[in-house]
2 protein chains.
Amino acid sequence: MARSGPKLTRIARTLGVSAATVSNALSGKGRVSAELAEKIRATAAELGYVPSLAGRALRTGRTAVIGLVLPDIANPLFPQIAQAIELAASSAGYGVLIADSRGDVTTQTKAIERLIDRDVDGMVIVPRRGTRIADVGCPVAVIDTPSTPGNTVAADHWGGGRQIAEHLKALGHRRVLIIGNNPASNVQNDRIGGIRSVLADGAFVETLWIEPLEREQGKGCPLGLAEKVAEGFTAFACVSDLHALRALTELQRAGINVPEKASVTGFDDLIWSPVVTPALTTARMDMTRIAAIAVEALVKAIGERDPADAAIGAPVTADDAEVPMQLVVRQSSAAPPRIQFQPAQTTANARTSAPEGEHQP
Amino acid sequence: MARSGPKLTRIARTLGVSAATVSNALSGKGRVSAELAEKIRATAAELGYVPSLAGRALRTGRTAVIGLVLPDIANPLFPQIAQAIELAASSAGYGVLIADSRGDVTTQTKAIERLIDRDVDGMVIVPRRGTRIADVGCPVAVIDTPSTPGNTVAADHWGGGRQIAEHLKALGHRRVLIIGNNPASNVQNDRIGGIRSVLADGAFVETLWIEPLEREQGKGCPLGLAEKVAEGFTAFACVSDLHALRALTELQRAGINVPEKASVTGFDDLIWSPVVTPALTTARMDMTRIAAIAVEALVKAIGERDPADAAIGAPVTADDAEVPMQLVVRQSSAAPPRIQFQPAQTTANARTSAPEGEHQP
DNA sequence: TATCGATGATTAAACGATTAATCAGGCGAT
DNA sequence: ATCGCCTGATTAATCGTTTAATCATCGATA
């Protein structure tokens, strides 16, 4: 909306100079004497001058707006991401336009197109389950996972998995059930890979995928964790706090106390994780840092780009593409009960009696 | 970013007409013969013409962008709201710029100012705990609760409370603990008001506020619900699913089975509500409808407004300001256990032995 | 003294769309 | 035959900013 605020010409008129001089003084580009420049800045500030983005956009081809594309906005991580991106972008002078794709791939394409039509200078994309993003014709920062080709910046999900696993291992767990949602997700696979890499030596590990299970038994179906406990599993390492919550309540409901009889861990430190009972042990990513790096790389690419060509659409790269995760130990994890499947307390070779880490069929 | 796409003049040149005619044909405003208009539309479509928002904005003072302001983006409801607003806005041809206030009031003001500086045509505000929003100088749609002055559109939180209470009442609950976060929230007060209005007759009701309790005992402290059960409470009506989740896990942890020994209900149907065990009974608001109404009212106000003046900043009003909530009955609510505090099964006057609905000190 | 260069400012064009004002015909009515 | 009106199109101005090109002035150099 056209604020009634003063325009460039208004300042120029006030000081009896030309509009071009004002523009030069404010941007520091042309040749303006130091004293006049100072005077211009002063009156601009005094009058509360705010440049018209529309005018500038028309002239420069830069809108100072970036688009934020998320696989599905309903993802509980969305608030964290959006907040961090918005903060980073606005400190860099950019606005953030959101685009929702409701999980749908074609909708996502449409959403991206709408952003392009709005002349965004660049976009931050969190791709859905490792789908490659097509060349969109403007600089793109991709936040996925370091092992994804084209990734710009991401948390070190593998490392996060390792931390979780080491925590569980140190507590004494030797039979761990990993709970994931969908094997197509690069993020989940990295987390799981990290967990397995630590537990491979001397622990029995199995993976349960929720989505395939739900396709058979319906949404929100029980995961059958009580049976798993009966089979000797003492820890449930979930790939997201959402699944951890699901596991926790299912176990509690079955009368299995957490963490005394079974440990539960999650990922992402979602909003409820500190306030449920027991509070969830989880691995958190430093979204603020990730967003800062992504936006910084994006802004750099935008700056280098010639506004005329619409050719370059390859994901931009950041110097520091891998941000470590942070283990948050709370009450949902503890040592396993002493009874089951602990062949002997005879220190060393007791471990070898447990099956080596194995992979799911 | 300046797409390399064809401009208005390009189409004009292709057909050998003037740019003005093309503009008129495409907008349907000036006087253009039907056949020429058709031909223009055809080539525009063929060439994939997309108007430059910057050019249009500069001329018309309309950016076709609205701002979305939320009290704190970390709110678990945010995804729902953002998704619904984005859908409604984009179908109306508007982009959505997000502004986060991190819960802080001064930050919120800054965020709003940034939106104004970006020339948004209007904004949708979900105010923080009933803070009145100041005159911002552009049309504003407020989503809060019908009883808030200046509210544009909202779910019927009071009615939602009534539905929850009637459900609980029909199940036979006579001692209900309401769990809220902060007494300053209009939304929460309406929900609680609705609950109490139904339960006032013949049930004992008490309210527990989390935030004051946490100020004393620290974040994530136990709510002491086991004691409440011992006192005879059979149902916990929470003002949000987040609190319901907290209550549920605390009860489960204390060995109190839900719903056999105590019922738990929430609000908002948040992401985890269907997948925890037992799945949460809750009241859902129709965000899609609310967003549609809010955006419609906003767009109408934007259309009527003279782009030149920046005076009107009062919240716009919608025709249909109150959208009913929908009760979602799942497994977390059931009839209370038969034993405790049921003075007698002697039908009628048994009720009067229970204290009338009372208010918290 | 005439000229060159640097300095500090101004002019004017451009970005892409909208829209008020204008203009050229054609047709009916006086 | 002339005037006025309606239709369908064009002209030209405008929104606010940026920036290349131009210009004036002054001091220093040849």
Side-chain angles (χ1 to χ4, degrees), chain A residues 1-40 44 47-64 93 117-119 121 303 306-310, chain B residues 1-40 44 47-64 93 117-119 121 303 306-310:
Chain A
M1 196 85 287
R3 303 166 282 30
S4 51
K7 326 291 172 205
L8 243 196
T9 55
R10 166 96 187 287
I11 298 181
R13 212 158 358 98
T14 310
L15 288 168
V17 297
S18 76
T21 304
V22 177
S23 174
N24 282 331
L26 259 26
S27 67
K29 282 196 174 168
R31 289 186 299 215
V32 186
S33 68
E35 43 194 341
L36 180 53
E38 181 49 43
K39 209 155 58 179
I40 289 176
L47 266 51
Y49 166 73
V50 176
S52 151
L53 276 305
R56 176 178 293 170
L58 186 54
R59 178 64 226 248
T60 63
R62 300 257 147 90
T63 53
D117 289 351
R118 280 186 176 282
D119 294 345
D121 288 341
D306 177 2
D309 68 32
Chain B
M1 195 86 285
R3 301 165 282 34
S4 51
K7 324 294 173 201
L8 200 44
T9 53
R10 166 95 189 286
I11 298 181
R13 210 160 359 97
T14 310
L15 288 168
V17 296
S18 76
T21 303
V22 177
S23 174
N24 282 332
L26 258 26
S27 66
K29 282 195 173 167
R31 288 186 300 216
V32 186
S33 68
E35 43 195 339
L36 179 53
E38 181 48 43
K39 208 155 57 178
I40 289 177
L47 265 50
Y49 166 71
V50 177
S52 151
L53 276 307
R56 176 179 292 169
L58 186 53
R59 176 65 226 244
T60 64
R62 301 258 146 91
T63 53
D117 289 351
R118 281 187 175 280
D119 293 347
D121 288 341
D306 177 1
D309 68 33

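Just so it is clear: chains get the letters A, B, ... in the order the sequence lines come, proteins before strands, and each one is counted from 1.
The distance from atom CD of A/Glu35 to atom P of C/dG8 is 9 Å, rounded to the nearest whole Å. In this structure, the CZ atom of A/Arg62 is 18 Å from the P atom of D/dT17, given to the nearest Å. At whole-Å resolution of the value, CG in A/Leu58 and P in C/dT18 are 12 Å apart. Whole-Å rounding puts the A/Arg31 CZ to C/dA6 P distance at 10 Å. We find that CG of A/Leu53 is positioned 18 Å from P of D/dC15, with the value rounded to whole Å. Rounding to whole angstrom units, CZ of residue B/Arg59 and P of D/dG16 are separated by 10 Å. The CZ atom of B/Arg10 sits 12 Å away from the P atom of C/dA17 (whole-angstrom rounding). Straight-line distance from the CG atom of A/Leu8 to the C1' atom of C/dT10: 15 Å, rounded to whole Å.
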Using atom names, set out every protein N or O paired with an N or O of nucleotides 25-27 of chain D below 3.5 Å, distance rounded to 0.1 Å.
none

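Proximity note for B/Tyr49 (side chain, C-beta onward) versus D/dA9, C/dT18, C/dA17: the nearest is C/dA17. Counting only heavy atoms from C-beta on, B/Ser33 has its side chain closest to D/dA9 among D/dA9, D/dT17, C/dA9.
Note on the helix from C/dT1-D/dA30 to C/dT30-D/dA1: terminal axis deviation equals 80°, with five pairs used at each end and the result rounded to 10°.
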Can you give me every donor-acceptor pair (side chain of residues 28-38 of chain B, partner residue at least two apart or in another chain, under 3.5 Å) with its distance?
{"residue": "B/Ser33", "atom": "OG", "partner": "B/Leu36", "partner atom": "N", "Å": "3.4"}
{"residue": "B/Glu38", "atom": "OE1", "partner": "B/Arg41", "partner atom": "NH2", "Å": "3.3"}

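Counting distance only, with no hydrogens placed and no angle test, the side-chain atoms of B/Arg56 and the base atoms of C/dT18 include no donor-acceptor pair under 3.5 Å.
A distance of 5.0 Å separates CZ in A/Arg118 from CG in B/Leu53, rounded to the nearest 0.5 Å.
Closest of all the heavy-atom pairs between B/Thr63 and B/Asp119 is OG1-O, 2.6 Å. Closest non-hydrogen pair, A/Ile40 versus A/Ala25, comes out as CD1-CB, 3.6 Å. Residues A/Ala19 and A/Leu8 come closest through the heavy atom pair O-CD1, 4.1 Å.
B/Leu26 has its side chain within reach of B/Tyr49: a pair of non-hydrogen atoms, C-beta onward, lies under 4.5 Å apart.
Here A/Thr21 pairs with A/Ser18 under the side-chain hydrogen bond (donor to acceptor under 3.5 Å, both in side chains) rule; sequence neighbours left out. Partners of A/Arg56 according to the side chain to side chain contact (heavy atoms under 4.5 Å, CB included) rule, which considers only residues two or more places apart in sequence or in another chain, are A/Pro51, A/Thr60.
Within residues 13-30 of chain B, the residues that place at least one heavy atom under 4.0 Å from DNA chain C are, in residue-number order, B/Ala20, B/Ser23, B/Asn24, B/Lys29.
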